[in-house]
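Comments concern the structure below.
Note: hydrogens, waters and symmetry copies are ignored here, and every other heavy atom, side chains too, is used. Along the sequence shown, the residues carry numbers beginning at 1.
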Amino acid sequence: MNKDPYVFSQLVQFMDRNHFNYLVRKYEGDKYVKCFSCWNQLLTMMFGQLTNRESLRDLIVAAEAHSGKLYHLGMGKSVTRSNLSKANEQRDYHIFEDYAVFMVNETRKRRIDKIFELEGRVYAFDSTTIDLCLSVFEWAKFRKHKGGIKMHTLYDMEAQVPAFVYITPANVHDTKAMPEIPYEEGAHYIFDRGYNDYGNLFKINLVRGFFVLRAKTNVRLKPRTWKRRLPEGIVSDVIGNFSGYKSRKLYPEELRKVVYVDPEDGTTYIFLTNNLTAKAELICEFYRNRWSVELFFKWIKQHLRIKRFWGTSENAVRIQIYCAIITYCLVAIVRHDMELERSIYEILQILGISLTDKTHIRDLFDKKNINDVNDLYGSSEPNLFNF
């Protein structure tokens, strides 16, 4: 007789329940709760993420199909549509937000890969808009006939995991999220053209961090020094101050302007940075690798449930997004700790059809008769998360 616990229960063992319980006590999440606790809620939401449930009804139908196993899966005995809907609507989303931050930090500890060989970390900051139906999500008004929210993400380009996530209505400009970033001394922050806010960039300089910004074409600097021997593709490398009054007032110190022309398509890129000593090729390489955050947005939208929501309130939407991040981090941790030789995409696909099996996790991926999941599903996903 197979005495192994269910696959889902084995996954949960990689999570720190003590820290989650601390957060529940901090925000009084289980106050007056008798049967469906915050922990039950989290595991139910994660079960829905891993099994790709499309709706709340779909999730409950899947849970009812395994009603005799729910207690042993950690979801409790009272997984009903009303219980889950009420919990998502009323319980403080900060419990799940703080635990998502904890899981992100645990994942980053396991991923140490110095791509750029620098002392500080390298981050890309960007946002993605998640469209919502305005007639259902009335609180998320974006345009006249359209709703949505923005997920602002600080992405660790070396660890390939999100280091910070900040959710706002979709009509909030990208620069408004810049003050929320937890800046670190010695770290590099890569921004696209939508983040030309010199006041916020100067704050990075004050904490002794570095930024690389793709500037607009009309940016003007009063040069103090410039390099004459330039590497291939670099047409200008100047150090100076802003020539405009308003720009100089917002950013009074020196910064560097690097102009690069892509030899493949002839596109001109203008970069502003406060790193005055790094090689110009490294500045360009930073921005080239910024594309990884776009791949992350594409990946998480395709393979986790953050496009169709299981609740209509703002609180429910936030909880679902944070549970998606927790789920992704959990799978990344399992892959690292068990040294599984498969991508996170493959692991998600295999786990999704095996959660209620009584098989050791390693056996799921060591069986010789399991074909490669990319061939099985016909996927052409980029190997963004192969760590």
Side-chain angles (χ1 to χ4, degrees), residues 115-127 152-158 163-164 166 173-262 267-293:
I115 299 174
F116 301 103
E117 298 298 331
L118 299 172
E119 293 184 3
R121 291 186 176 272
V122 182
Y123 300 102
F125 189 69
D126 208 343
S127 68
H152 306 268
T153 303
L154 183 67
Y155 188 73
D156 190 328
M157 295 199 296
E158 293 181 310
F164 169 75
Y166 181 64
H173 195 271
D174 289 344
T175 57
K176 301 298 182 181
M178 293 177 72
E180 306 297 329
I181 300 175
Y183 296 115
E184 303 171 10
E185 182 179 350
H188 284 77
Y189 298 88
I190 319 302
F191 300 98
D192 205 2
R193 281 182 293 191
Y195 296 91
N196 276 265
D197 188 321
Y198 301 137
N200 280 313
L201 292 175
F202 188 61
K203 292 178 182 178
I204 301 177
N205 190 68
L206 292 176
V207 300
R208 298 181 181 179
F210 302 100
F211 63 83
V212 175
L213 168 74
R214 184 180 177 185
K216 296 180 180 179
T217 56
N218 61 353
V219 64
R220 296 290 182 269
L221 253 65
K222 182 178 181 181
R224 179 180 61 82
T225 61
W226 55 88
K227 294 184 179 181
R228 299 184 181 277
R229 295 182 179 180
L230 301 174
E232 183 180 0
I234 306 298
V235 298
S236 177
D237 191 349
V238 174
I239 296 176
N241 296 87
F242 282 120
S243 58
Y245 171 78
K246 185 176 180 180
S247 301
R248 190 168 62 250
K249 185 176 180 181
L250 292 172
Y251 198 102
E253 296 189 7
E254 285 187 335
L255 69 167
R256 182 180 178 188
K257 177 181 175 182
V258 177
V259 181
Y260 169 75
V261 177
D262 191 334
T267 304
T268 300
Y269 295 89
I270 303 174
F271 302 118
L272 291 178
T273 179
N274 62 336
N275 191 330
L276 308 182
T277 59
K279 294 182 179 179
E281 301 98 311
L282 181 60
I283 302 300
C284 299
E285 189 65 21
F286 281 152
Y287 187 79
R288 185 178 294 111
N289 280 271
R290 192 202 68 85
W291 185 248
S292 59
V293 69

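For the pair F191/I204, a side-chain contact is recorded, criterion being any heavy-atom separation below 4.5 Å from C-beta on.
Among residues at least two apart or in separate chains, ring pair (Phe, Tyr, Trp, His ring centres under 6.0 Å) pairs with a member in residues 221-243 are Y198-F242.
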Given Y189 and Y183, is the ring-ring contact (aromatic ring centres under 6.0 Å, His included) satisfied, shown in steps?
CA-CA 9 Å; Y189 298 88; Y183 296 115; 5.1 Å; yes
Apply side chain to side chain donor-acceptor pair (under 3.5 Å) to D262 and T267, showing your working.
CA-CA 5 Å; D262 191 334; T267 304; 5.7 Å; no
Residue pair Y155, D126: steps toward the side-chain contact (heavy atoms from CB on, under 4.5 Å) verdict:
CA-CA 8 Å; Y155 188 73; D126 208 343; over 6 Å; no
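L221 approaches L255 most closely through the heavy-atom pair CD2-O, 3.8 Å. Scanning all heavy atoms of the two residues, the minimum distance from Y123 to D156 falls at CD2-CA, 3.8 Å. When every heavy atom of A124 is checked against every heavy atom of R290, the shortest pair comes out as CB-CG, 3.7 Å. When all heavy atoms of I270 and K216 are compared, the pair lying nearest together is CD1-O, 4.1 Å. Across all non-hydrogen atoms, the minimal contact from N196 to A215 is OD1-CA, 3.8 Å.
Within 6.0 Å of NZ in K227 there are more than 12 heavy atoms belonging to other residues, nucleotides or ligands. Enclosure of atom CZ in R193 is not indicated, since only 12 or fewer non-hydrogen atoms of other residues, nucleotides or ligands lie within 6.0 angstrom.
By the ring pair (Phe, Tyr, Trp, His ring centres under 6.0 Å) test, F210 is found to be paired with H188, residues two or more places apart in sequence or in another chain being considered. Applying the ring pair (Phe, Tyr, Trp, His ring centres under 6.0 Å) rule to Y166 yields no partners; only residues at least two apart in sequence or on another chain are considered.
Ionic pairing of E184 and R121 is not present here: no N-O contact between side-chain nitrogen and carboxylate oxygen is shorter than 4.0 angstrom.
No donor-acceptor pair closer than 3.5 Å links the side chain of T175 to the backbone N or O of Y195.
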